[in-house]
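Following: one structure in C-alpha cells, then a few remarks.
Count residues from 1 along the sequence. Note that ligands are numbered from 1 as they come in the structure, with each ligand's atoms numbered from 1 the same way.
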Amino acid sequence: MTKKRVFSGIQPTGNLHLGNYLGAIKNWVKGQEEKENFFCVVDLHSLTVPQDPDDLRFQTRSLAAWLLAAGIDPDKSTLFIQSHVRAHAEGCWLLNCITPLGWLQRMTQFKDKAAKQESVLTGLLDYPVLMAGDIIFYDADEVPVGEDQKQHVELTRDIAQRFNSLYGQEFFVIPKPVIPEAGARVMGLDNPAAKMSKSLAHLRGHAVRLLDDPKEIGRSFKRAVTDSGQEIVFSDDPEKAGVNNLLGIYKAITDKSEAEVLADFADARGYGDLKKRVAEVVIAEIAPIRERYDRLMADPAELDNLLARGAEQAAAVSNPKVDQMKEIMGLVLPVIGVQ
Ligand code: TYM
C-alpha cells in the first residue's frame with residue numbers, strides 16, 4: 001500500500017510558540033512513521049509583510065533547527081526551505097492565472113491582516129495561492145494545520161478542482177486539512193478570547209515561546225487570565241475561556257482524554273494549582289527541545305547540509321509537476337539544457 005502524502009508549512013517570522021507546536025508541529029512529528037512527509041519553512045510567505053533581511057535569514061535557519069529539535073527526522077521526512085525549490089514561486093504564477101480575484105478577497109486572514117496595515121502588498125492577497133501551490137505541487141493528501149489555516153486549505157481544494165476541470169483531467173490531488181482534536185486553537189494566555197499569535201508573542205504574558213526558559217514559562221502561566229469562579233471544567237462559555245484554554249493545552253501535551261484530564265485535576269486546589277500543573281507539563285515537554293535546538297544552532301554547516309538534501313528531495317517531486325502543468329496550460333518547455 002502506498003503511504004499517504006503529507007505537506008505542511010510554517011513561516012519563519014515571529015516567535016515560535018506553543019500554539020504552533022500543539023496545533024501543527026507535534027502532529028507532524030507524530031505522523032512521521034506511517035506517512036510520506038514534506039515539511040517546509042515558508043520563507044516566501046514571510047515576504048508578504050515587510051521583513052528585515054538579516055532577521056529573516058536568521059529566523060529561517062532557526063526555524064529549521066526548531067523543527068529538527070522538536071523531532072522532525074530528516075531520514076523520515078523531507079524538511080526544506082521553500083525558496084530553495086523553484087516550483088513554488090514559478091507554479092504560483094501559473095495558479096494565479098486560474099484563480100478568481102474574488103476568492104482571495106474573501107479570505108478572513110487577508111481581511112484581518114490588511115485591516116491592520118496602511119499599505120497592503122500584492123503578495124499578502126496572493127498568499128493563499130502560494131500556499132495552495134505548496135500543497136498541490138506535491139500531490140499531498142493531507143495537510144496537518146491548526147484551525148486558523150482551514151479556510152486556506154479549503155481554498156486550495158477549490159483551486160485544484162478548478163484546474164482539473166478547466167483542463168479536463170485529474171491532474172491535482174484534492175487535499176484535506178487535518179486538524180488536531182486538541183491544540184487546534186491555543187488562545188493567548190493574556191486574552192483567552194484571541195488566538196495565541198506570533199505577532200503578539202513578544203508581549204509579556206501573551207504566549208509561551210519555545211525559547212522561553214522554565215522560569216519564564218512558569219511566570220506566563222501564573223499570570224494567565226482566568227475567571228472569578230473556581231470550577232475546573234472544559235467549557236464553551238466565553239467566561240470560562242481561560243480555564244478551557246489551560247485544560248486544552250494540558251490535554252494536547254499529555255494526549256489524554258477529557259475525562260482523564262479532569263481526573264488529574266480533581267484534587268487541585270483552585271486555579272493557582274491548575275496553572276502550576278499545566279506549566280509543569282509544558283516545561284517538561286519544551287525543555288529538551290530547547291536543549292537540542294541550542295546544539296543544532298551551534299553547527300550551522302550541518303544544518304545547511306540537511307536543508308540542501310531536503311531541497312533536492314522536494315525539487316525532485318515538485319519541479320516536474322510544475323513542468324507538466326506548464327505543458328498542460330500550453331507553454332512550450334525549453335529543450336533540455338536551456339533552463
Ligand atoms: P503559521 O506560520 O502562521 O503557523 C504555523 C502552524 O501553526 C498553527 N497555529 C496554531 N495552532 C493552534 N493554535 C494557535 N494559536 C496557532 N497559531 C498558529 C497554524 O495553523 C499552522 O498550522 N499559511 C501557513 C503556512 C503555510 C502552510 C503551507 C501550511 C504555507 N504553506 C502549506 C500548510 C500547508 C501559516 O502562516 O502558518
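- Nearest-residue assignment for atom 25 (C) of ligand 1 (options S8, G248, G9; heavy-atom criterion): G9.
- Between the side chain of N244 and the backbone N or O of S235 there is at least one donor-acceptor pair closer than 3.5 Å.
- When only interatomic distances are considered, the shortest N/O to N/O separation between D148 and ligand 1 falls below 3.5 Å.
- Less than 4.0 angstrom separates some heavy atom of V143 from each of these atoms of ligand 1: 33 (C), 34 (C).
- Which parts of ligand 1 touch G23 is read off a 4.0 Å heavy-atom cut-off, strictly below it: atoms 11 (N), 12 (C).
- Between K3 and E34, no side-chain nitrogen of the basic residue sits less than 4.0 Å from a carboxylate oxygen of the acidic one, so the salt-bridge criterion is not met.
- Short contacts between ligand 1 and M196, defined as distances under 4.0 Å to a heavy atom of the residue, involve ligand atoms 14 (C), 15 (N), 17 (N).
- Looking only at protein heavy atoms, the nearest one to atom 31 (N) of ligand 1 is D134 OD2, 2.6 Å.
- For atom 13 (N) of ligand 1, the nearest non-hydrogen atom of the protein is V186 N, 2.8 Å.
- Considering both main-chain and side-chain atoms, G146 comes within under 3.5 Å of ligand 1 through a nitrogen or oxygen pair.
- A side-chain donor from one of D134 and Q82 sits under 3.5 Å from a side-chain acceptor of the other.
- Taking the six-membered ring where tryptophan is involved, the planes of F80 and F7 are perpendicular, since the angle between them exceeds 60° and thus also 30°.
- Remark: distances from the non-hydrogen atoms of H17 to ligand 1 include one below 4.0 Å.
- Side-chain atoms of Y21 and E285 include a donor-acceptor pair closer than 3.5 Å.
- Residue contacts with ligand 1, taken as heavy atom pairs separated by less than 4.0 Å, involve N20 via backbone and side-chain atoms alike.
- Side-chain contact between K321 and F171 is present, with heavy atoms from C-beta onward closer than 4.5 Å.
- Using a non-hydrogen distance threshold of 4.0 Å, Q82 does not register as a contact of ligand 1.
- Contacts between K198 and ligand 1, counted as non-hydrogen atom pairs separated by less than 4.0 Å, involve the side chain only.
- When only non-hydrogen protein atoms are considered, atom 6 (C) of ligand 1 lies nearest to A24 CB, 3.7 Å.
- Counting only heavy atoms of the protein, atom 36 (O) of ligand 1 lies nearest to Y127 OH, 2.4 Å.
- With a 4.0 Å heavy-atom cut-off, ligand 1 is reached by no atom of S197.
- Both the backbone and the side chain of Q11 come within 4.0 Å of ligand 1, judged by heavy-atom distances.
- Annotation for E239: atom CD does not count as buried by contact number, only 12 or fewer foreign heavy atoms lying within 6.0 Å.
- Counting protein heavy atoms only, atom 28 (C) of ligand 1 is closest to M131 CG, 3.5 Å.
- Residue R61 is tested with D43, D304, D299 for a salt bridge (Lys or Arg N to Asp or Glu O under 4.0 Å); the sole match is D304.
- Atom numbering of ligand 1 starts at 1 in the shown order; those under 4.0 Å from a heavy atom of G183 are 12 (C).
- Counted by atom type alone, S46 and Q51 present zero donor-acceptor pairs between their side chains at under 3.5 Å.
- Looking only at protein heavy atoms, the nearest one to atom 11 (N) of ligand 1 is G19 O, 3.1 Å.
- Here the side chain of D212 pairs a donor or acceptor atom with the backbone of R209 at under 3.5 angstrom.
- If you check the side chains of Y138 and S318, you find a donor sitting under 3.5 Å from an acceptor.
- Remark: the Y127 side chain and the Q11 side chain contain an N/O donor-acceptor pair separated by less than 3.5 Å.
- Closest protein heavy atom to atom 37 (O) of ligand 1: Q149 NE2, 3.9 Å.
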